[in-house]
Every structure is written in structure tokens, then in C-alpha cells.
Amino acid sequence: MTRRHLERATERGVVGMRSEPLDLGPEARIGGVRDGRLYWTRGRTVGVWTRSEGGVSLGTLPTPGDGRLDAAFRLRHGRFAKAALRPVVGSWTTTNLWPLRDGTLLATVGRRVFRSGDSGRSWAPVHRLPDSSGPMGTLPTSVCLHGGDVYLAEYTLGDDPARILRSDDDGRTWEIRVETTEVRHFHGVFYDPYRDALWATAGDTDDESAVGRLVDGEFVRVGSGSQRWRAVGLAFTPTAVLWGMDCSYAADVELLRLRRDGPAEPETVGRTDASAYYAATLTVDGDLWVAVATAAEIGDDSTAPAGRRNRSGDAARVLVASSSSSYETWYELAAFRRRRPVGECVPGVPTASAYVFLAADERLGLFVNPFNARSDGGSVMRVPPEAVSRVADEAPAVDASAPDR
């Protein structure tokens, strides 16, 4: 067992595994799987992939407004502007997509929220996010369904209160369900299928970092007070909730397990070299697998204590563990080196981080979507369920001992 992530993995994408590239074109972003259909975006184009038909474009997210507003929107989110800037700053994404039900889709482009009731062929604006929202508007973890309602967690970066919205008409209209100034923003909202409950994650300082539940219109913290509680995505199992720390300046980035009926503090079950962002679960032959994706981040965290710098590695990774080890043995399924644009050599020029987006389906397997990677950037790969179950034979295990960073 090796303590460090193997460097050879960062040159090979999905390591030693049988994976299928979906050929959705450059800069493709997965949005979610529903009823055997993987929904994706490429810029403002919306599409779907199935095993029988491959990738098919459905429609285009509109450009709202006119005049100066219209021009600014196109410049910020248009594919020609992104293509022109890619060699300088790298690839970045400003679009999210979520399949809801019965042909209803929800999407964000920057600060605009759109809804489609005809499987993505036509779209209408339904909400405008706060002006302090990040470039992607929200995070991919910001939407979930529960009890017939849709929940949307806003992702503000300024002084606006942190809010979670609710819609009882499949995204046509929205009301504030949770509003608080005790956290900077919400990273995501999640449905727990084992307890029929809603969870949320928040950040970013120690006092703001929290994992909790939504109860009667309030965010009730399960735990908070340190970077161990700073999470983006959550993975639910019958016996525990798992996540990875979202902290680029931590000397020790932990993968954590909070037992449902155990101690109030999470247990360390793994470690990695960069912030953990997204998570997915997949059942294969009776074992439940948890996948966690890390990010190769650039720049320093504006909420970090004085003197704490970014210690992130230069590869975005996918780590997996199964219920057979109680999620205590993690394997590196995939790794992708971050693209290094020419802007890195010019002081003051912002450049993009590298991410891996995830989606899972019990029949189709795990979808792995690196973005802004040196190789396989913007591509989507499908790892079949049987390949995931063989990971222990074909991929390196990652030692949970504290790394030297």
C-alpha cells in the first residue's frame, strides 16, 4: 500500500479500468442521470446520452435580456469567448443542469435559472440568483427533490444571506425556505433516501463550516466549528454519511465518515492531497460504492487564516471505497493533471482550476467527467458497474496515514 497518489495515474485518466468514452464533444459537462438517460451540456447546448442512441442535442439555453445585458451575457457565457480565452486562462464552466421528473429540467447559466417542461427543447427563465453569486451561479450539488418539492441552494460570495429556496410546482416559482447569515453560503442540498430527510452543507470559515439537516424551515447543524465539517457533496449509506474536506490550505485533507448511530464527531477513513468536491454512490453485486472527486485548485482561499496558502496538488482525482471495507480502504480510480495555460506565467492573470464531475446509475455505472484537465479535459467516460467492482485488483490503494505535504 502506498501513501502517495501514484504519479503514473495522472497521465492515464481512468487507471487500468475498462471505460467507455461517450464522445460528447469538447467542454461537455454532465448534469445527472434519470431513467437511464444521462443529461449533459456543452456551453449552452443541452443534450442527452443513452446507450442505444449515444449523444443527442435537445435544445439551447436562451440569452436573456437585450442590448448591453445581452452582450455581456454572451461574452461571459458564449462558446466563442471561452474558446478565445482558453489558451490563456484554461477552461471554465458557467452552466449546470439537473433532470427533475416527467421531462422537466432545471438549469443555471451564471446568475440565471431556467426551466424546461419539454425535455430541454424550450426554456424559460424562472429565477435570478443574487448578484454576489459565483461565476457558475450555483454548484452542481445545489438542487434536489424531496417530498414532491424542488430545493435550490444559492451560492453567494458576498454579504447576501445564505438561502435555500423551495418550489412546489417543479421549478416554475420559488419561495425562501431557509435564510441565515450564520454561514457564508450553502454548498449543496441533498436528499437522504435512508432517513427520508434533507441535508445541507455550508462554509467557509471554521465557524461557518457545517453539515446539517433542514428541519421546519431551519438549518440545524449536525456538526460544525472546523474545516472537518466543510463539505461540498455528501454520500449517503444505510449506516453513515460520508464526505471529504473542502479545504485547499489544510495540511491533511481527510475523507470522513459520520456514523448515523455513533459518535457526534466524524471519523477519518481516508486522506487525499486536495479539496474534495463531488460524491456519488453506486450499488454493485450487493456492495455499495462511494466515489469522491477532488479538485486541483488554483489561488488562495480568501477565507483562510492569515499565512495559510493553497496546498492543493496538481491533479483532480476520483477515489472510491465500498461497504465491504466499511469505506476504510480507498482506491484511486482516476486522476487528471490540471491544464496549465499561458496565463499562469503572467502575474495577475486568473486561471482555472481542474474538477471531476460525477454521476452514477446502477445499470450504467459511474460517469467520470474531467474538466480543464491536460488530457481527457471536457470528456465524459463511463465506467461500467463490473469495472467498478474490480477496482481493488486494478487500481492502487491510497494509504490513510497522514501525508507529508
Side-chain angles (χ1 to χ4, degrees), residues 5 14-15 17 19 30 32-33 139-141 144 187-195 197 199 201 211 222 228-246 253-262 266-295 316-335 355-369 381-400:
H5 295 283
V14 178
V15 186
M17 309 294 292
S19 62
I30 56 177
V33 187
L139 297 183
T141 46
C144 79
H187 292 150
V189 59
F190 311 91
Y191 173 61
D192 178 353
Y194 301 100
R195 298 291 172 91
W199 290 64
T201 54
V211 174
V222 172
R228 300 183 84 224
W229 294 98
R230 183 176 173 179
V232 177
L234 299 178
F236 298 99
T237 78
T239 59
V241 181
L242 291 98
W243 67 86
M245 288 169 51
D246 167 31
V253 177
E254 301 172 54
L255 305 178
L256 298 159
R257 176 185 62 201
L258 180 67
R259 295 185 185 272
R260 293 185 182 274
D261 301 313
E267 306 163 287
T268 302
V269 291
R271 287 180 168 88
T272 186
D273 65 346
S275 295
Y277 269 67
Y278 307 117
T281 59
L282 177 70
T283 299
V284 183
D285 296 330
D287 287 331
L288 182 61
W289 288 84
V290 170
V292 173
T294 71
R317 309 180 189 275
V318 180
L319 308 176
V320 297
S322 79
S323 54
S324 63
S325 73
S326 298
Y327 312 104
E328 295 179 358
T329 303
W330 291 82
Y331 299 93
E332 185 173 279
L333 177 71
Y355 302 93
V356 185
F357 303 102
L358 302 175
D361 179 90
E362 291 194 5
R363 293 187 178 183
L364 298 175
L366 182 68
F367 294 94
V368 175
N369 177 202
M381 289 160 280
R382 183 177 73 91
V383 184
E386 62 273 15
V388 174
S389 67
R390 293 198 302 269
V391 65
D393 301 323
E394 301 182 8
V398 179
D399 194 342

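- Residues meeting the ring pair (Phe, Tyr, Trp, His ring centres under 6.0 Å) test with Phe236, sequence neighbours left out: Trp199.
- Atoms CZ and CD1, from Arg382 and Ile30 in turn, are 13.0 Å apart once rounded to the nearest 0.5 Å.
- The closest donor-acceptor contact from the side chain of Ser322 to the backbone of Ser324 lies under 3.5 Å.
- Here Ala316 pairs with Ala354, Val356 under the side chain to side chain contact (heavy atoms under 4.5 Å, CB included) rule; sequence neighbours left out.
- For the atom pair Trp243 CH2 and Arg230 CZ, the distance stands at 14.5 Å (nearest 0.5 Å).
- Heavy atoms only, all atoms of each residue included: Leu139 and His187 are closest at CD1-O, 3.5 Å.
- In this view, Ser275 and Asp246, Ser248, Tyr277, Glu297 satisfy the side chain to side chain contact (heavy atoms under 4.5 Å, CB included) rule, not counting sequence neighbours.
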Distance-only check: which donor-acceptor pairs under 3.5 Å involve side-chain atoms of residues 280-295, not counting sequence neighbours?
residue, atom, partner, partner atom, Å
Thr294, OG1, Arg317, N, 3.0

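- Between Pro266 and Trp229 the shortest heavy-atom distance is CD-CZ2, 3.2 Å.
- Leu255 CG to Glu267 CD: the interatomic distance, rounded to the nearest 0.5 Å, is 13.0 Å.
- Annotation: side chain of Leu234 is in contact with side chain of Val211 (closest heavy-atom distance under 4.5 Å).
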Exercise. Please test Tyr331 against Thr329 for side-chain contact (heavy atoms from CB on, under 4.5 Å), starting from the C-alpha separation and ending with a verdict.
Key: CA-CA 7 Å; Tyr331 299 93; Thr329 303; 3.5 Å; yes
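- A pairwise comparison of heavy atoms in Arg228 and Met245 identifies CA-CG, 3.8 Å as the closest pair.
- A distance of 5.0 Å separates CG in Leu319 from OG1 in Thr272, rounded to the nearest 0.5 Å.
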Just distance, no hydrogens or angles: give the donor-acceptor pairs under 3.5 Å from side chains in residues 359-366, sequence neighbours left out.
residue, atom, partner, partner atom, Å
Asp361, OD2, Arg363, N, 3.0
Asp361, OD2, Leu364, N, 2.9

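- Between the OH atom of Tyr327 and the CG atom of Leu256 there is a distance of 15.0 Å, given to the nearest 0.5 Å.
- Between the OH atom in Tyr278 and the OG1 atom in Thr141 there is a gap of 6.0 Å [rounded to 0.5 Å].
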Exercise. Starting from the C-alpha separation in whole Å, work towards a yes-or-no answer on side-chain hydrogen bond (donor to acceptor under 3.5 Å, both in side chains) for Thr237 and Arg257.
Key: CA-CA 10 Å; Thr237 78; Arg257 176 185 62 201; over 6 Å; no
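- Side-chain atoms of Arg260 and Thr239, non-hydrogen and from C-beta on, never get closer than 4.5 Å to each other.
- Qualifying ring pair (Phe, Tyr, Trp, His ring centres under 6.0 Å) partners for Trp330, counting only residues two or more places apart in sequence or in other chains: none.
- With contacts defined as side-chain heavy-atom distances shorter than 4.5 Å, the pair Cys144/Phe190 does not qualify.
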